[in-house]
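First listed ligand is number 1; within each ligand, the first listed atom is number 1.
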Amino acid sequence: MTDSRAAQTDGAHLLVDALKLNGVRTIYGLVGIPVTDVARIAQASGVRFLGFRHESSAGHAAAAAGFLTGRPGVCLTASGPGFLNGLAALANATTNCFPMIQIAGSSGRRIVDLQRGDYEELDQLAVARQLAKAAYRVDCAQDIGLAVARAIRTAASGRPGGVYLDVPAAVLGEVVDAAAGAASLRTVVDPAPRVSPGSDAVERALTLLSEADKPLIVLGKGAAYAQADAEIRDFVETTGIPFLPMSMAKGLLPDDHPQSVAAARSLAMREADVVMLVGARLNWLLGHGEAPQWNPEARFVQVEIDPTELDSNQTISAPLVGDIGSVFEALNRHPSTPDIAAPAQWRQALAAKVAANTAKMAERLAEERHPMGFHGALRAVRDVLAEHPDIRLVNEGANTLDLTRNVIGMQHPRHRLDSGTWGVMGIGLGYAIAAAVETGGPVLAIEGDSAFGFSAMEMETICRYRLPATVLVFNNGGIYRGDGVNTQSADPAPTSLLQSTRYDRMAESFGATGFLVRTPSELALALKQAIAAGGPALIDCLIDPTDGTESGHLSNLNPVGIGAPLTQGIR
Ligand code: ADP
Ligand code: MG
């Protein structure tokens with residue numbers, strides 16, 4: 001290399017240097033024109049690149065990394081179709097308020113903008129703008145440092161979300177003076193600055209809570225994301241207010257905590273008179289805060305980083321705008337907080353309901369049926385996981401999602417990742433990969449057989465990187481149930497899948513350990529062995545095709561209501 005070449009660099013190197021300078025240690029992606037060398041350069045400079053089989057899995061992995069670490073996860077995709085595949089994950093990350101950056105290569109602006117038919121021609125920036133928190137394009141190598149800084153700041157600050165960064169091929173290949181390039185890079189100082197509520201807002205909220213006969217705290221995934229675990233727990237335990245965890249907030253306080261009313265959810269929502277929402281939106285997952293699910297007289301306190309979320313469904317009587325850590329610090333420091341004591345009568349009523357519902361669930365879990373049903377399988381999983389509270393759980397499906405969420409208790413914060421706000425299918429193996437990579441710890445993905453199919457090929461990715469992940473497929477041969485019948489033609493029902501599929505053998509072909517199990521005791525044994533071995537494993541768990549409910553717990557959302565399977569055809 002000559003001296004003059006040594007003094008030059010290019011856009012691809014600057015992009016990697018800019019990410020590295022801002023603490024990015026891992027890029028999740030899938031290479032192709034024009035980003036393949038970006039991945040090579042990343043590896044050469046000590047940034048880990050994890051290559052996936054589909055861009056949406058890479059994007060979901062980046063989003064999960066964002067949720068787990070509080071720093072934007074980075075996904076790298078090729079142009080056109082690769083970009084589009086990743087975009088589903090970027091939109092999902094934005095919906096879930098996870099910080100993530102999708103960086104995509106793109107084709108030549110001159111050709112694309114006049115629609116002259118370039119390789120993978122697409123106006124990616126215009127498309128992404130609709131679906132991301134923000135979308136930026138960098139048009140010259142000198143601006144790469146600025147663009148990366150802007151993407152990080154936007155993804156992480158305020159309400160976190162997905163940011164799209166468009167990097168045309170010409171910019172990646174643009175040669176610039178190395179010293180000037182290095183000088184153009186920048187480090188983002190404090191990407192998500194803390195925001196404290198005003199003291200009047202703190203007073204108002206505490207006054208409202210002190211007036212309550214039936215106070216309730218709802219913990220959402222924003223509360224898990226905030227990494228303010230000790231402050232939240234302090235407030236909950238000092239006040240004695242019962243709490244309800246949303247699915248990804250499970251484990252923020254342990255599910256067996258005496259103040260948890262997860263098992264008395266309906267009663268708590270129907271009767272609470274002052275409800276404190278903590279990093280949880282009053283969206284469809286909480287019935288928009290409406291009667292009859294909620295007490296129509298209920299008043300709401302909301303702890304929220306984004307003020308425009310307030311009043312989106314119900315009047316928020318006491319807004320606490322700020323980051324959850326700062327808000328709870330202010331609440332815990334306030335002299336009147338220790339005087340808030342949740343009334344004993346309310347606590348006892350909820351405790352009685354929790355005990356009754358837990359007993360009912362115990363009966364269901366004890367059921368012995370052949371073939372095995374969801375509850376028998378989950379009993380086995382629950383008993384094994386009781387010995388391994390450190391395992392991170394990924395969960396998607398319909399019945400598999402609803403029932404696992406209810407049966408499997410979590411002990412630690414941010415140990416449960418699931419379909420989230422959209423109820424999206426396809427996050428499974430991407431989330432599992434990120435959980436293993438970002439934490440170095442073991443992961444169990446509990447997947448419906450349909451849900452698994454969306455990212456099944458990432459089993460090869462898990463094996464290629466030798467990740468400590470076990471995938472458990474609840475194989476009931478269908479979407480919702482496996483006994484759907486089409487009475488109109490010889491084609492299978494829309495909900496049908498082949499239960500005969502040997503998912504364990506598919507995984508074995510990639511080098512994972514495969515198990516096929518038919519009973520709870522076989523499942524328990526396989527799961528123990530898989531966890532002990534610590535390497536990639538897949539358990540194909542046969543479930544009775546007649547077990548399960550159409551649309552899981554959401555059958556009310558089906559607009560037509562033809563309803564489930566069976567032989568009668570259309571009612
Ligand atoms: P869930 O589905 O678990 O109820 P949501 O995704 O509906 O949770 O709500 C999460 C909320 O948390 C969002 O409104 C988001 O703006 C908010 N949020 C995210 N991070 C923070 C934070 N650090 N401090 C305060 N609020 C936050
Ligand atoms: Mg199924």
Side-chain angles (χ1 to χ4, degrees), residues 66-67 70 92-99 133 156-161 192-197 218-228 231-232 244-250 252 277-289 302-310 312-313 316 319-329 374 377 396-401 403 405 414 416-423 425 446-453 473-484 495-499 501 503 540-550 552:
F67 169 73
N92 186 57
T94 306
T95 298
N96 283 290
C97 315
F98 298 164
K133 182 177 176 186
S157 61
R159 169 182 282 177
R194 304 192 68 176
V195 180
S196 295
V218 178
L219 300 172
K221 57 180 163 326
Y225 172 78
Q227 302 203 15
E231 292 285 357
I232 294 171
L244 187 65
M246 300 298 285
S247 71
M248 280 181 63
K250 280 166 65 78
L252 183 46
L277 301 160
V278 183
R281 286 169 284 186
L282 270 185
N283 57 15
W284 71 279
L285 284 156
L286 284 171
H288 307 286
Q302 187 158 21
V303 183
E304 173 58 54
I305 192 82
D306 178 2
T308 68
E309 177 62 32
L310 307 168
S312 57
N313 283 280
I316 302 302
L320 281 166
V321 173
D323 69 277
I324 287 165
S326 298
V327 171
F328 275 83
E329 241 175 67
F374 284 105
E396 63 176 334
N399 295 285
T400 301
L401 179 75
L403 298 173
R405 181 180 57 232
R414 295 170 295 284
R416 184 185 155 87
L417 295 101
D418 66 29
S419 302
T421 302
W422 266 351
M425 297 296 126
I446 304 184
E447 303 271 310
D449 51 351
S450 166
F452 175 63
V473 180
F474 280 166
N475 180 0
N476 67 347
I479 299 173
Y480 312 129
R481 299 160 58 109
D483 59 351
T495 51
S496 288
L497 298 170
L498 289 176
Q499 197 186 23
T501 306
Y503 298 109
D540 183 344
C541 178
L542 294 178
I543 300 277
D544 185 348
T546 69
D547 201 12
T549 310
E550 172 113 350

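Judged purely by atom type and a 3.5 angstrom limit, Trp284 uses its side chain to pair as donor or acceptor with the backbone of Thr421. Put simply, the side chain of Asn475 never gets that close to the backbone of Asp540: no donor and acceptor are under 3.5 Å apart. Of the possible donor and acceptor atoms, none in the side chain of Lys221 sits under 3.5 Å from a partner among the backbone N and O of Cys97.
At a 3.5 angstrom cut-off on N or O pairs, Arg281 counts as close to ligand 1. Between Tyr225 and ligand 1, no N or O atom pair is found at a separation short of 3.5 Å. Taking only nitrogen or oxygen atoms, main chain and side chain alike, Arg159 reaches within less than 3.5 Å of ligand 1. Looking at ligand 1, you'll find an N or O of Glu304 within less than 3.5 Å of one of its N or O atoms. At least one N or O atom of Ile324 sits closer than 3.5 Å to an N or O atom of ligand 1. Ligand 1 has an N or O atom lying under 3.5 Å from an N or O atom of Ile305, backbone or side chain. Residue Gly279 places at least one N or O, backbone or side chain, under 3.5 Å from an N or O of ligand 1.
Looking at atom 19 (C) of ligand 1, its nearest protein heavy atom turns out to be Gly222 CA, 3.8 Å. Closest to atom 4 (O) of ligand 1, if we only count protein heavy atoms, is Met246 CG, 3.3 Å. Ranking the protein heavy atoms by distance from atom 3 (O) of ligand 1 puts Lys221 N, 2.7 Å first.
Across every non-hydrogen atom of Leu497 and Ile479, the tightest pair is CD1-N, 4.3 Å. The minimum heavy-atom distance between Phe452 and Tyr503, with the atom names listed, is CE2-CD2, 3.6 Å. Among all heavy-atom pairs drawn from Leu277 and Ala280, the shortest one is CB-O, 3.8 Å. A pairwise comparison of heavy atoms in Gly397 and Leu401 identifies O-CB, 3.3 Å as the closest pair. Closest approach of Tyr480 to Gly552, counting heavy atoms only: CD2-N, 4.1 Å. Closest approach of Glu304 to Asp306, counting heavy atoms only: OE2-N, 2.9 Å.
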Q. Hey, mind stepping through Phe474 and Asn399 against side chain to side chain contact (heavy atoms under 4.5 Å, CB included) and telling me if it holds?
A. CA-CA 10 Å; Phe474 280 166; Asn399 295 285; over 6 Å; no
**Q.** Check against side chain to side chain donor-acceptor pair (under 3.5 Å), Arg405 and Ser247
**A.** CA-CA 7 Å; Arg405 181 180 57 232; Ser247 71; 5.1 Å; no
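Contact atoms of ligand 1 toward Asn283: 7 (O) (distance under 4.0 Å to a heavy atom of the residue). Listed by atom number, the atoms of ligand 1 under 4.0 Å from Cys97 heavy atoms are 13 (C), 15 (C). Here is the list of ligand 1 atoms found below 4.0 Å of a heavy atom in Gly322: 24 (N), 25 (C). Each of the following atoms of ligand 1 lies closer than 4.0 Å to a heavy atom of Ala226: 23 (N).
Residue Arg481 holds its CZ atom at 9.0 Å from CG of Asn476, rounded to the nearest 0.5 Å.
When side chains are defined from C-beta on, Gln499 does not count as touching Asp449, because their heavy atoms never get closer than 4.5 Å.
Protein N/O/S atoms closer than 2.8 Å to the Mg ion (ligand 2), listed by chain and residue number, are Asp449 OD1, Asn476 OD1, Gly478 O.
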